[in-house]
Amino acid sequence: MSRSWKRSIGDDTADPRCAVTFMQTSVEESDAPAHTRPVRVAMTVGGVVPVLRVFGVTQNSASVCAHVHGFHPHLWCTTPQWQTLSGPEAMARFCDVLDVAVADETRNDDSARRVLEVKAMPRRDVMYHSRAEFTQPYFRVTLRRPCHITACRKALSRCERFKCLGLTAPFELYEADVDYTLRYMVDVGMVGCSWLTAPAESYAPRRSEKRDTRCQIEFDIDYAQLVAHDPEFAPYDGVAPLRVFSFDIECCAEEGHFPCPSSDPVIQIAVEMVVEPIAAEWRRVYTLGDCGRLAGAEVIACDDERQLLRRWSSDLVAADPDLIIGYNVQNFDIDYLMRRAEALGVIEFPYFGRVRRKKAESKEMTFSSKAQGTRKNMRAVIDGRVVLDVMQSIQTDHKLSSYTLNYVSERFLGERKEDVHHSMIAKLHRGDRNTRQRLAAYCLKDAQLPVRLMRKLMLIYNLTEMARVTGVPLSYLLHRGQSVKVFSQLLRRAGREGLLLPTHARDEAVVGDGGVAYEGATVLDAKAGYYEVPIATLDFASLYPSIMRAHNLCYTTLVPADRRAEYAETELTLTPTGDCFVKPEVRRGLLPAILDDLLSARKRARALIKTTDDPMMRGVLEGRQLALKLSANSVYGFTGATVGKLPCLAISASTTAFGRRMIDETRSFVLREYTVANGYPHDADVVYGDTDSVMVRFGCADVAEAMRLGALAADQVTALFPAPVQLEFEKVYHPYLLMGKKRYAGLLWTRADRHDKLDTKGIETVRRDNCAFARNTIAGVLRRVLVLRDVPGSVEYVKGRIEELLTGRVDISELVITKGLTREVSEYATRAAHVELAAKRRRRHAATAPRVGDRVPYVILRGHKTSKTYELAEDPVRVVERGLPIDHRHYLEHHLKLPLTRIYAAILPNVERALFSGPHTMGSAPQRLTRSVEHAAGISRFARVVKACAGCRTTLSDADRDAGLCAHCRVDAQSLYVQSMLEIDALAVAHHAHTAECQRCQRSVLHEVICANRDCALFYRRIKTQNDLREARARFAAVEW
DNA sequence: CGATAAACCTAT
DNA sequence: TGAGATAGGTTTATCG
Ligand SMILES: Nc1ccn([C@H]2C[C@H](O)[C@@H](COP(=O)(O)OP(=O)(O)OP(=O)(O)O)O2)c(=O)n1
């Protein structure tokens, strides 16, 4: 076991007489001239051939690179005139003609043969069920290189080229859109993160002078020799010890500027190396200039930046990590380091991948999906190492209102983190060894946090499991979407049954009303109201997957309308959309089988949740369970994805149609069965339902009885439907506030003796685009009404909150609204506050401005009555720094009033009078805050400077200017004096308290607080009291007492 | 001014 | 050549 920073080179160097077994972490494409192949392979070819580099780790933590030879990509095709191609002679001619055609479609390639083989094989199309054992042969076209696949597709589309063979009809393509890496993995039965064995004597170890990589074990092997193990069974269900390299850099920018790699130096890099899941850890901090000692970390002080970069790069190579992690490392750190090294001419720097003589790269990628939106990111490509950007993982798995390291640390680790403002970084760097030591401590912390997040979120375990269940390599999980996972599973299942996936022609999707291709689920009308009796919730378990399994919905089971006559009625299922599928007894579909796998994995994850009491752990396992559920639902979604690889709306539309029928039947059953006429004390009512759930008012007053009836009804309804469809009694809401479709809140009970929690759906409290003030206030109301059952208390609470707001006592951090920037600023059709601000910020400071996919935080400032809201959005940090005036009344009118009115509509008569009139709505924000935006922004800069009375803030006449008080206030100067002193005193105390709290956070009272954590309420409070104090003192000083 | 479209985010 | 799906509520800008 490797127990040092450097990955030890011990007895692990491969002895060809022993087998090598390792866990695969990455599969990468490369190529080499065929004549240099060190191992014998089945197919003899010339020119450049592809070589797969399979990287991984042994159980002893030795790094491995297997150069896998002899695997060539292929696609399939067929033609209605297949009979023309019977016989070896015709095939040989076809092969030759195709080779020429492919050559004509290929650029920059050697002249060696491209079409290596065309072989007719008995296969079938996954589309449609067919009884026939054999319909027509399919031709497997093996090509030399991955780039020839595209060329071959183009060649096959040119019908005229094949006229000479008597082929005039267009070819139909199959599996012509499969990535080479995935093709290989599917064909050899290798799933992501699986264990592999190169058996003894099957491989050729690389002698040191022939090594291409820096892995400890490096060998060549024929692809047919490398054995892939099933991850289902021990010992191949485990995870190898992975070496994880986490780092963070600090740069020194010009005053007030964001660092720019062409001019601004990298001054520190902190690294934490860990071996997962073993707790071995090493820490190093590379500093520019000498630096005091750090506990638990080695300081490597460099005199020169070039030396620092070189040292970091070579240390990374020595550490030989499998995983490189960090927070936002792809967008910032890695890219910056590489650009910086280039600017400094440190040519050896980018060679920190595992492949010698290959540079790491950083390139821009955009990912776009409906659920995730559009995200533009840099992606670091480092051969043999997987880059896991913890920020990106959290962005895909969690919906948060901010994704800064500060915010997520607090959220997931429960600890505040300091953020050193860039101007401070330069100061600390330019100071002495002590200030640099301080900086190094921050830098190190930022390198350690990603490791802690990774552990807490169990990223490695969760990703490994997902890679194994869905079959895709780790990198696909990090950079691609749901569809490739479904595609991978489909390819595997189809392959096992001799079926081929047609390559879908990309034409315009048939889009119906509102840009939707087919009808989705039913949402029952909500009987809005406040229910004081228990409402039982019945919910189908994994509804769409269970429908697809129950009715055997699949490409392979679909029967086209004109072939129904070939089947007995009992062999078919007619779906509500009029589509027809064969029953599982005739043929079991691929999709149901895929869903079986995913759902059993989900079941295992759910079972694990019950084994722990730690809420954080439960949360993580819950996330894993949800990810598997999402994958299962995405199997359904894949069939409905009209811009995807294999849409089949008969499947997706039938699934939703069954779902609609089921929710209707469930509703009718409950209404019909649970009646006074049938001996129950009350007539039941279905007050709401969405897609797969019904909310039932059985009429009983106690929770236990509602649970009993709910469970009973669930079982009865389950019996109405084919297995594995199952209606579950899940929970009771009591009381229940139903506001409308997709909007409700209720106290949730899963057991009769105590409630679980307040559950809120769709209401403002769960929406990230509401400010915390609105969310917290509404949540406070819901808690008082539904949990404490104290309506009058809730009214008082609201009034108090409104008063706080209007008197300027609400912290700015509670008034920050965030909205996602969903596209480029120029692409918006209408103006919107967050978009205008994003544009403004770009003009101010392009490097720190929000990018597509980022969330834009803003507050609304006071402005002229004629101003549009979108003109009044401003960056919260700027607002605090400059003391810009917030439009508190805007928050009342636009973020609180309507939501609260809707909530109270079911609870209180005359909401307007009860909540929004009275003295608390008068407000009396301090004058300082009532300056208009124009004033603050300097539009009235040329106006004569007026001076206000320190007592009442009225404008002072020239005569009173020097005194600082108007005639009226001068009368009571003495009490004003006391008042002012008290105000200054209170502010000083508050400022001291905030500073002290920040010092506690930074774990040092000896130093000035330098944190600028925008996601920390304390930061805003501290700056605000600081400003208030300064102004109060200035006002005081302006008076001739 | 009222209707409608655009934008966002959520429920399932 | 990549991208699971649809339903629906609310706020704000814009159109007529
Ligand atoms: N991201 C999602 C969530 C749901 N659905 C569809 C398919 C689901 O079967 C159905 C019901 O959704 P639920 O959220 O109730 O989840 P499930 O029924 O799938 O799972 P369970 O109720 O077992 O948690 O809605 C979907 O297509 N995509």
Side-chain angles (χ1 to χ4, degrees), chain A residues 149-150 153-154 173 176-179 365-375 399 401 476 479-487 503-506 509 512-526 539-540 542-544 629-647 649 651-653 655-657 659-660 663 688-693 739-744 760-770 774 817-823 827-836 855-856 868-871 893-895 897-899 902:
Chain A
I149 292 284
T150 327
R153 286 182 63 174
K154 269 193 210 144
L173 289 172
D177 48 4
V178 182
D179 294 343
M365 302 281 249
T366 34
F367 180 89
S368 183
S369 80
K370 201 142 186 204
Q372 300 273 321
T374 302
R375 288 218 316 258
K399 291 199 160 179
S401 46
Y476 283 31
H479 302 289
R480 300 181 59 175
Q482 293 295 331
S483 66
V484 73
K485 297 196 251 175
V486 179
F487 192 61
T503 297
H504 180 63
R506 290 166 55 74
D513 268 2
V516 145
Y518 61 95
E519 189 181 348
T522 299
V523 183
L524 300 180
D525 279 331
D539 192 324
F540 285 100
S542 287
L543 180 66
Y544 288 5
K629 161 178 162 180
L630 185 68
S631 289
N633 287 336
S634 296
V635 172
Y636 144 74
F638 182 88
T639 67
T642 48
V643 288
K645 284 219 162 121
L646 197 57
L649 298 195
I651 298 172
S652 45
T655 304
T656 56
R660 293 193 296 275
I663 193 175
Y688 179 55
D690 187 347
T691 310
D692 69 334
S693 64
M739 309 199 24
K741 286 182 175 182
K742 305 206 185 266
R743 290 168 65 86
Y744 59 82
T760 307
K761 294 288 163 80
I763 296 174
E764 284 72 10
T765 55
V766 298
R767 293 184 60 99
R768 296 176 294 172
D769 54 354
N770 276 249
I817 301 160
T818 76
K819 279 201 161 101
L821 193 64
T822 58
R823 65 197 82 169
E827 287 166 9
Y828 279 85
T830 55
R831 313 242 269 164
H834 66 298
V835 183
E836 296 290 308
R855 295 192 69 80
V856 185
K868 296 284 187 195
T869 305
Y870 59 75
E871 296 171 316
E893 296 296 332
H894 293 87
H895 291 99
K897 208 164 179 173
L898 284 172
R902 283 191 296 262

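Lettering follows sequence order; numbering is per chain, from 1. These values consider heavy atoms only, across backbone and side chains, with no hydrogens, waters or symmetry-generated copies. A quick note: this is a predicted structure, and the numbers were derived from the prediction, not measured.
- Contact between the side-chain N/O atoms of A:Ser652 and the OP1/OP2 oxygens of C:dA5 is not found at any separation under 4.0 Å.
- Counting any heavy atom pair closer than 4.0 Å across all strands shown, A:Gly481 reaches sugar-phosphate atoms only and no base atom.
- At the phosphate of C:dT10, neither OP1 nor OP2 sits under 4.0 Å from any side-chain N or O atom of A:Arg767.
- Following rounding to the nearest Å, A:Arg743 (CZ) and B:dA11 (C1') show an atom-to-atom distance of 12 Å.
- Contact check on A:Arg660 versus A:Glu519 returns a salt bridge, with a Lys/Arg side-chain nitrogen under 4.0 Å from an Asp/Glu carboxylate oxygen.
- Checking side-chain atoms of A:Glu871 against main-chain N and O of A:Lys868 turns up a donor-acceptor pair under 3.5 Å.
- Distance A:Arg768 CZ to B:dA11 C1': 14 Å, rounded to the nearest Å.
- Contacts of A:Ala832 with the nucleic acid, taken as non-hydrogen atoms under 4.0 Å apart, are absent.
- Contacts of A:Arg375 with the nucleic acid, taken as non-hydrogen atoms under 4.0 Å apart, are absent.
- If you check every strand for non-hydrogen atoms under 4.0 Å, A:Thr830 touches sugar and phosphate atoms only.
- Listed nucleotides: C:dG4, B:dA7, B:dC8. Nearest to the side chain of A:Ser634: C:dG4.
- Counting any heavy atom pair closer than 4.0 Å across all strands shown, A:Tyr744 reaches sugar-phosphate atoms only and no base atom.
- For A:Arg153, the salt bridge (Lys or Arg N to Asp or Glu O under 4.0 Å) test picks out no residue, with sequence neighbours left out.
- Rounded to whole Å, atom C1' of C:dT11 lies 11 Å from atom CD1 of A:Ile817.
- Counting non-hydrogen atoms under 4.0 angstrom, A:Gly520 reaches the backbone sugars and phosphates but no base.
- Side-chain N/O atoms of A:Ser483 include one lying less than 4.0 angstrom from OP1 or OP2 on C:dG4.
- Counting any heavy atom pair closer than 4.0 Å across all strands shown, A:Val766 reaches sugar-phosphate atoms only and no base atom.
- Between the two ends of the helix from B:dC1-C:dG16 to B:dT12-C:dA5, each summarised by a five-pair axis, the helix axis turns through 20° (rounded to 10 degrees).
- Using a 4.0 Å heavy-atom criterion, one finds that A:Gln372 contacts no nucleic acid atom at all.
- Taking atom CG of residue A:Leu630 and atom P of nucleotide C:dT6, one finds them 15 Å apart after rounding to whole Å.
- Within 4.0 Å (heavy atoms only), A:Thr366 reaches no atom of the nucleic acid at all.
- For A:Lys485 (side chain) and A:Ser631 (main-chain N/O), no donor-acceptor pair under 3.5 Å exists by modelled atom type.
- Closest to the side chain of A:Leu898, from the set B:dC9, C:dT6, C:dT11, is C:dT11.
- Taking atom OH of A:Tyr688 as the reference point, atom C1' of B:dT12 lies 9 Å away to the nearest angstrom.
- Within the nucleic acid shown, A:Lys761 comes within 4.0 Å of sugar-phosphate atoms alone, with no base atom in reach, counting heavy atoms only.
- For B:dA7, neither phosphate oxygen OP1 nor OP2 lies less than 4.0 angstrom from any side-chain nitrogen or oxygen of A:His834.
- Listed nucleotides B:dA7, C:dT10, C:dG4 differ in distance to A:Arg902; the shortest reach to its side chain belongs to C:dT10.
- We find that CZ of A:Arg823 is positioned 8 Å from C1' of B:dA6, with the value rounded to whole Å.
- Contact annotation for A:Lys485: no contact, since no heavy-atom pair falls under 4.0 Å across all strands.
- Here the C1' atom of nucleotide B:dC9 and the NZ atom of A:Lys741 are 18 Å apart, to the nearest Å.
- Within the structure, every side-chain polar atom (N or O) of A:Arg831 is placed at least 4.0 Å from both OP1 and OP2 of B:dA6.
- Comparing B:dA7, C:dA7, C:dG2 by their nearest atom to the side chain of A:Val523 picks out C:dA7.
- The base of C:dT1 is paired with the side chain of A:Arg153 by a donor and an acceptor separated by under 3.5 Å.
- The pair A:Lys761-A:Asp690 does not count as a salt bridge, with every side-chain nitrogen at least 4.0 angstrom from each carboxylate oxygen.
- We find that NE2 of A:His894 is positioned 16 Å from P of C:dT10, with the value rounded to whole Å.
- Nucleic acid contact for A:His479: none, since no nucleic acid atom lies under 4.0 Å from a heavy atom of the residue.
- Side-chain atoms of A:Tyr544 and A:Ser652 include no donor-acceptor pair closer than 3.5 Å.
- Rounded to whole Å, the P atom of B:dT12 lies 22 Å from the corresponding atom of C:dG4.
- Nucleic acid contact for A:Tyr544: none, since no nucleic acid atom lies under 4.0 Å from a heavy atom of the residue.
- Side chain of A:His834 to main chain of A:Gly820: a donor-acceptor pair is present (N/O by atom type, distance under 3.5 Å, no hydrogens or angles).
- At least one donor-acceptor pair closer than 3.5 Å links the side chain of A:Arg743 to the backbone N or O of A:Gly762.
- Not one N or O on the side chain of A:Thr639 forms a donor-acceptor pair closer than 3.5 Å with the backbone of A:Ile651.
- The side chain of A:Tyr828 places no N or O atom within less than 4.0 Å of a non-bridging phosphate oxygen (OP1 or OP2) of C:dT14.
- When heavy atoms are screened at a 4.0 angstrom cut-off, A:Asp690 is found touching the sugar-phosphate backbone but no base atom.
- Although no hydrogens or angles enter the test, the distance criterion places no donor-acceptor pair under 3.5 Å between the side chain of A:Ser542 and the main chain of A:Lys629.
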